[in-house]
Amino acid sequence: MAKKTQKTTNKESYVTNYQFTKFCSFWSVAIAAILYIISGILGFIRWLGQKLDFNVSASLGTVGGVFSLIANILLVVALGIPAYAYVRGKGKNWKAFYWVVIIIFTLGIVFGFLPHF
């Protein structure tokens, strides 16, 4: 008996990858939005506490900063996956440029976070 092989077409593979890209991008942006809102609320509470002379812990600002950092990292994911899908079909110079840009972007996020400590 001959074995049946199941062939997947490029179109099916493209649709699956495209669905994964859309899924990651959507949820990264959604979670980042929620974390930005929480970070903003914590920053407002800290600011309001300082103006009204309440004993507000300085760690509240740090927690807000951590949420903001996580949100920024999620945005790297939300932007990085579709960007890599664009670069995937290009040459190795494009791929190297992509990774350099992602690393610089991530370092910028981390160095921007350092003043929160």
Side-chain angles (χ1 to χ4, degrees):
M1 235 189 231
K3 280 187 170 180
K4 288 186 177 181
T5 59
Q6 187 176 13
K7 294 182 180 179
T8 59
T9 63
N10 287 339
K11 184 178 179 182
E12 289 173 356
S13 176
Y14 173 77
V15 169
T16 303
N17 290 340
Y18 185 64
Q19 294 295 331
F20 177 73
T21 300
K22 291 191 303 185
F23 174 82
C24 287
S25 295
F26 173 78
W27 284 109
S28 295
V29 170
I31 294 170
I34 292 168
L35 291 176
Y36 276 134
I37 292 294
I38 293 171
S39 175
I41 290 170
L42 292 176
F44 177 73
I45 291 171
R46 182 175 179 218
W47 174 81
L48 188 62
Q50 289 174 346
K51 294 294 181 189
L52 299 176
D53 291 330
F54 290 140
N55 185 12
V56 177
S57 174
S59 64
L60 201 58
T62 303
V63 171
V66 168
F67 283 164
S68 184
L69 174 68
I70 293 170
N72 285 335
I73 290 171
L74 287 171
L75 288 179
V76 169
V77 171
L79 296 172
I81 292 174
Y84 186 75
Y86 171 74
V87 171
R88 185 175 54 197
K90 306 238 183 252
K92 63 182 176 182
N93 291 336
W94 276 95
K95 291 177 185 174
F97 180 66
Y98 166 81
W99 286 110
V100 167
V101 168
I102 290 293
I103 290 169
I104 291 171
F105 189 62
T106 306
L107 287 174
I109 289 170
V110 171
F111 287 138
F113 173 72
L114 289 179
H116 289 282
F117 283 113

- Looking at CH2 of W99 and OH of Y84, how far apart are the two atoms once the value is rounded to the nearest 0.5 Å? 7.0 Å

- Message: Do V77 and I34 land in one hydrophobic cluster if side-chain heavy atoms of ILVMFWY residues count as linked below 4.5 Å?
- Response: no

- Message: The criterion is side-chain contact (heavy atoms from CB on, under 4.5 Å); which residues satisfy it with V101, sequence neighbours excluded?
- Response: F97

- Note on the structure: Note: K90 and K95 closest approach over all heavy atoms is O-CE, 3.9 Å

- Applying ring-ring contact (aromatic ring centres under 6.0 Å, His included), name anything that partners F44, two or more places apart in sequence or on another chain. W47

- Message: When you measure from the side chain of Y98 to the backbone of G80, do you find a donor-acceptor pair of N or O atoms at a distance under 3.5 Å?
- Response: yes

- Out of curiosity, L79 CG to S28 OG, how far, rounded to the nearest 0.5 Å? 9.0 Å

- Message: Could you report the tightest heavy-atom contact between S25 and A78, atom names first, then the distance?
- Response: OG-O, 3.2 Å

- Those residues at least two apart in sequence (or on a different chain) that pass side-chain contact (heavy atoms from CB on, under 4.5 Å) with L107 are I103, F111

- Not counting sequence neighbours, which residues clear side-chain contact (heavy atoms from CB on, under 4.5 Å) with I70? List them please. L35, V66, L74

- Under a single-linkage definition using a 4.5 Å side-chain heavy-atom cutoff for Ile, Leu, Val, Met, Phe, Trp and Tyr, are I31 and L75 assigned to the same hydrophobic cluster? no

- Across all chains, not counting sequence neighbours, the side chain to side chain donor-acceptor pair (under 3.5 Å) partners of Y36 are N72

- Item | side-chain contact (heavy atoms from CB on, under 4.5 Å) partners for L42, two or more places apart | I38, L60, V63, F67

